[in-house]
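This report refers to the structure that appears directly beneath it.
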Amino acid sequence: MRKSIRDIAKKTRGRPKTTGLGTGVLVRMHDQLDELDAWIAKQKEPSLTRPEAIRRLVEIGLRSKQK
């Protein structure tokens, strides 16, 4: 027996959420991009993106201030 149209699972439309809810922050970086790219190159993860690298560097900076 064939399924009725109502029984067929519908696909969600649009782009899937990848990072969840958060606050977007726009930062313009001109001179620091070369240093950021050099820091990324030193990391062991080849797929590290600039946004993820910036998040990690902010975490490192915040942890060092707390000590």
Side-chain angles (χ1 to χ4, degrees):
M1 179 187 260
R2 299 180 103 187
K3 290 186 176 184
S4 70
I5 292 175
R6 283 183 254 152
D7 294 336
I8 298 173
K10 292 185 179 181
K11 294 181 182 179
T12 58
R13 296 177 76 186
R15 183 174 180 214
K17 292 183 179 182
T18 56
T19 59
L21 296 177
T23 302
V25 178
L26 174 65
V27 179
R28 295 190 189 275
M29 301 177 76
H30 301 284
D31 301 330
Q32 299 90 358
L33 285 180
D34 291 335
E35 294 179 58
L36 178 63
D37 290 337
W39 186 85
I40 291 170
K42 292 178 187 176
Q43 304 309 304
K44 294 179 181 177
E45 294 180 52
S47 62
L48 186 63
T49 61
R50 281 182 175 170
E52 182 60 29
I54 292 168
R55 283 190 285 272
R56 289 184 189 184
L57 287 168
V58 167
E59 286 180 21
I60 292 168
L62 291 173
R63 270 192 259 128
S64 70
K65 282 284 195 179
Q66 292 174 354
K67 293 180 180 179

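All residue numbers in this chain count up from 1 along the given sequence.
Using a 4.5 Å heavy-atom cutoff, the side chains of Val27 and Ile54 are not in contact.
Note: Glu52 CD to Gln43 CD = 11.0 Å, rounded to the nearest 0.5 Å. Atom CZ of residue Arg55 and atom OG1 of residue Thr49 lie 6.0 Å apart, to the nearest 0.5 angstrom. To the nearest 0.5 Å, atom CG of residue Asp37 and atom CZ of residue Arg50 are 4.0 Å apart. Ile40 CD1 to Glu35 CD: the interatomic distance, rounded to the nearest 0.5 Å, is 12.0 Å. Distance check, rounded to the nearest 0.5 Å: CG of Asp34 to CE of Met29 gives 10.5 Å.
Here Glu59 pairs with Arg63 under the side chain to side chain contact (heavy atoms under 4.5 Å, CB included) rule; sequence neighbours left out.
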